[in-house]
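For reference, the structure discussed in these notes is given below.
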Amino acid sequence: MQDLILSIESSCDDSSIALTQISDKKLIFHQKISQEKEHSSYGGVVPELASRLHAEALPLILEKTKPYLKQVKAVAVTTEPGLNITLLEGLMMAKTLAFSLEVPLIAINHLKGHLYSLFLEKEAIFPLGVLLVSGGHTMLIEARSFEEIKIVARSIDDSFGESFDKVAKMLGLGYPGGPIVESYAKRGEASSFSFPVPLNSKTKFAFSFSGLKNAIRLEIEKFREDGGFEDKERLEIFRANLSASFQKVACEHLLKKCKIFFENDQKSKDSWEHFAVVGGASANLFLRENLQKMCESYTKTLLLAPLEFCSDNAAMIGRVGIESYLKGEFSSPFNIKTKPKVSDFNANFSEDI
């Protein structure tokens, strides 16, 4: 019988539990129940609703892990960042399991989980540069080891994924906005609108999407005042062209900052050979294709998480949990707390912005 890590993820609107073998990192069990349908009518995640849905879904998934519980040697759970009210659902279950099974509890930062989504069922590769893009975060990370991970740039306002959600909402396309806007963009002409690339002429090494979002809003208002929303055929063309133009500029913004990151790395004595893009928004194929071209031009190898594990999931939490377990990094069930915002990545991340 193999020793296992049981992992729980409930940072936002995905209820997920996984079982991972400690010895070879093999994923034995993984299930995720998404709440997208329940939140779609609101145009975004409603925290109180998400919490109630976690309370219903997590026990249903846990029931399927009963045959393996005697093999569990530790329980890993997401404690930051995320919605405090939903994080608590996973944490309460994790505390109860750790107590009843008499095993250690491991607190996991789910952004570190996104990094380790690259290494499911395999050994980690370091050093590497990382672009993390999700619904709540946009940042460039330099990862030297499990312990040495540094944020070198982040968004000063909206995130990349959040901007897609907001554009979709303004266009009346529903939630989640990322895949919907990307789908429309494939049918549109990216040169239809000329939007400025955010922070294009500034030296600040950071991301910003609020200005681009506002430019999109003005175009939509202009189109609405012109009666465009009353003509279905005209509206569909507008949605496609606007989505394509927005996606192009949003990705160009990311790529320009990544280029700075690459050029700074080339000056380093300890440069990295691998670059990765992780997080829910890393599933965007337009972004992946352009990052692949950039990596090739700088002779870097692009690492990608499987599409099914790009968004929040317990498998990536379990993968980090294995590393913490082997290093003996456990948390006291009496002192462990949830944190809605990213702080120090469980004392393993530092910021240099």
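One finds no salt bridge joining K232 and E236 here, because no Lys/Arg side-chain nitrogen approaches an Asp/Glu carboxylate oxygen to under 4.0 Å. The pair K32-E9 does not count as a salt bridge, with every side-chain nitrogen at least 4.0 angstrom from each carboxylate oxygen. A salt bridge links D226 to R234: at least one charged side-chain nitrogen sits closer than 4.0 Å to a carboxylate oxygen.
Two residues are said to be in side-chain contact when any heavy atoms from C-beta on lie closer than 4.5 Å; L218 and I220 fail this criterion. Between K95 and L105 the shortest side-chain heavy-atom distance falls below 4.5 Å. Inter-residue side-chain proximity for I61 and F29 is flagged as met; some heavy-atom pair is nearer than 4.5 Å. Inter-residue side-chain proximity for H253 and L255 is flagged as unmet; no heavy-atom pair is nearer than 4.5 Å. The shortest distance between side-chain heavy atoms of I22 and L4 does not fall below 4.5 Å. Contact annotation: the side chain of L6 approaches that of L69 to within less than 4.5 Å [non-hydrogen atoms, C-beta and beyond]. A heavy-atom distance below 4.5 Å is found between the side chains of L118 and L128. Contact check for L287 versus S282: no side-chain heavy atoms found under the 4.5 Å cut-off.
Following chains of ILVMFWY side-chain contacts shorter than 4.5 Å, one can reach V77 starting from L97, so the two form part of one hydrophobic cluster. Residues I156 and I141 fall into different hydrophobic clusters, defined by Ile, Leu, Val, Met, Phe, Trp and Tyr side chains chained together at heavy-atom separations under 4.5 Å. Side-chain heavy atoms closer than 4.5 Å link hydrophobic residues (I, L, V, M, F, W, Y) into clusters, and following such links, possibly through other members, connects I322 to I149. L131 is connected to F205 through a chain of hydrophobic side-chain contacts under 4.5 Å among Ile, Leu, Val, Met, Phe, Trp and Tyr, so both are in one cluster. By the criterion of side-chain heavy atoms lying less than 4.5 angstrom apart, applied directly or through intervening Ile, Leu, Val, Met, Phe, Trp or Tyr residues, I237 is not grouped with L235; the two fall into different hydrophobic clusters.
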Next on the checklist: Let's go through L115 and L132 carefully: what are the C-alpha distance in whole Å and the side-chain angles of both, what is the deciding distance for side-chain contact (heavy atoms from CB on, under 4.5 Å) to 0.1 Å, and is it a yes or a no?
Outcome noted: CA-CA 8 Å; L115 172 59; L132 192 157; over 6 Å; no
Item to check | Stepwise side-chain contact (heavy atoms from CB on, under 4.5 Å) test for E63 and L60 | outcome: CA-CA 5 Å; E63 184 71 23; L60 294 176; 5.9 Å; no
Next on the checklist: Set out, in order, the CA-CA distance, both residues' side-chain angles and the distance that settles side-chain contact (heavy atoms from CB on, under 4.5 Å) for L111 and M139, then state yes or no.
Outcome noted: CA-CA 10 Å; L111 297 187; M139 55 182 66; 4.1 Å; yes
Item to check | Derivation of the side-chain contact (heavy atoms from CB on, under 4.5 Å) call for E323 and K25 | outcome: CA-CA 10 Å; E323 301 295 330; K25 305 171 181 61; 3.9 Å; yes
Item to check | Trace of the salt bridge (charged side-chain N to carboxylate O under 4.0 Å, His left out) decision for E219 with K222 | outcome: CA-CA 5 Å; E219 287 294 339; K222 188 189 304 181; 3.8 Å; yes
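Counting only distance, with no hydrogens or angles, the side chain of R319 and the backbone of K122 share a donor-acceptor pair below 3.5 Å. Between the side chain of R154 and the backbone N or O of H137, no donor-acceptor pair lies under 3.5 Å. Formation of a donor-acceptor pair under 3.5 Å by the S7 side chain with backbone atoms of I317 is not found in this model. No side-chain donor-acceptor contact under 3.5 Å links N241 to the backbone of G188. For the pair S40 (side chain) and K37 (backbone), a donor-acceptor distance under 3.5 Å is present. Counting only distance, with no hydrogens or angles, the side chain of E162 and the backbone of S159 share a donor-acceptor pair below 3.5 Å. S34 places a side-chain N or O within 3.5 Å of a backbone atom of E36 that can act as its donor or acceptor partner. Put simply, the side chain of E263 never gets that close to the backbone of D265: no donor and acceptor are under 3.5 Å apart. The backbone N or O of L285 lies less than 3.5 Å from a partner atom in the side chain of E182, making a donor-acceptor pair. In this structure a side-chain-to-backbone donor-acceptor pair under 3.5 Å is present from T86 to S10.
Annotation: the span from I108 atom CD1 to I8 atom CD1 amounts to 11.5 Å, rounded to 0.5 Å. Rounded to the nearest 0.5 Å, atoms SG (C258) and CD1 (I260) are 9.5 Å apart. Rounding to the nearest 0.5 Å places CD of Q247 at 11.5 Å from CG of L242. Taken to the nearest 0.5 Å, the CZ atom of R239 stands 12.0 Å off from the OG atom of S183. To the nearest 0.5 Å, atom CG of residue L120 and atom CD of residue E308 are 9.0 Å apart. Between the CD1 atom in I5 and the OG atom in S324 there is a gap of 8.5 Å [rounded to 0.5 Å].
Within the structure, the ring pair (Phe, Tyr, Trp, His ring centres under 6.0 Å) test picks out the following pairs touching residues 276-320 (sequence neighbours left out): H30-F309, F262-Y298. Contacts classified as side chain to side chain donor-acceptor pair (under 3.5 Å) and involving residues 208-218 (residues at least two apart or in different chains) are given here: D157-S208, D157-S210, D158-K213, N214-R217, R217-E221. Contacts classified as ring pair (Phe, Tyr, Trp, His ring centres under 6.0 Å) and involving residues 162-197 (residues at least two apart or in different chains) are given here: F160-F164, F164-F246, F193-F195, F193-F238. Listed by first and then second residue, the ring pair (Phe, Tyr, Trp, His ring centres under 6.0 Å) pairs involving residues 79-110 are H110-H114 (not counting sequence neighbours). Applying the side chain to side chain donor-acceptor pair (under 3.5 Å) rule to pairs touching residues 43-55 yields S15-H54, S51-E89, sequence neighbours excluded.
The hydrophobic cluster containing L53 also includes Y42, V46, L49, under a criterion of side-chain heavy atoms closer than 4.5 Å among ILVMFWY residues, counted directly or through chains of members.
F146 and Y116 have perpendicular rings, their planes meeting at more than 60° on a 0 to 90° scale where under 30° would count as parallel.
Considering all non-hydrogen atoms of both residues, A206 and K257 come closest at O-CE, 3.2 Å. For the residue pair V320 and G113, the shortest heavy atom distance occurs at CG2-CA, 3.6 Å. Of all non-hydrogen atoms in F261 and V152, the two that sit nearest each other are CE1-CG2, 3.5 Å. A pairwise comparison of heavy atoms in M93 and P59 identifies CE-N, 3.7 Å as the closest pair. Nearest heavy-atom pair across R288 and A283 is NE-CA, 4.1 Å. Closest non-hydrogen pair, S11 versus T78, comes out as CB-CG2, 4.0 Å.
A distance of 6.0 Å or more separates the ring centres of H274 and F126.
Neither side chain, N200 nor E252, offers a donor N or O lying under 3.5 Å from an acceptor on the other. With 3.5 Å as the limit, one finds a donor-acceptor pair spanning the side chains of S23 and Q2.
Annotation for Y68: atom OH does not count as buried by contact number, only 12 or fewer foreign heavy atoms lying within 6.0 Å. Residue E233 qualifies as open at atom CD: its count of foreign heavy atoms under 6.0 Å is 12 or below.
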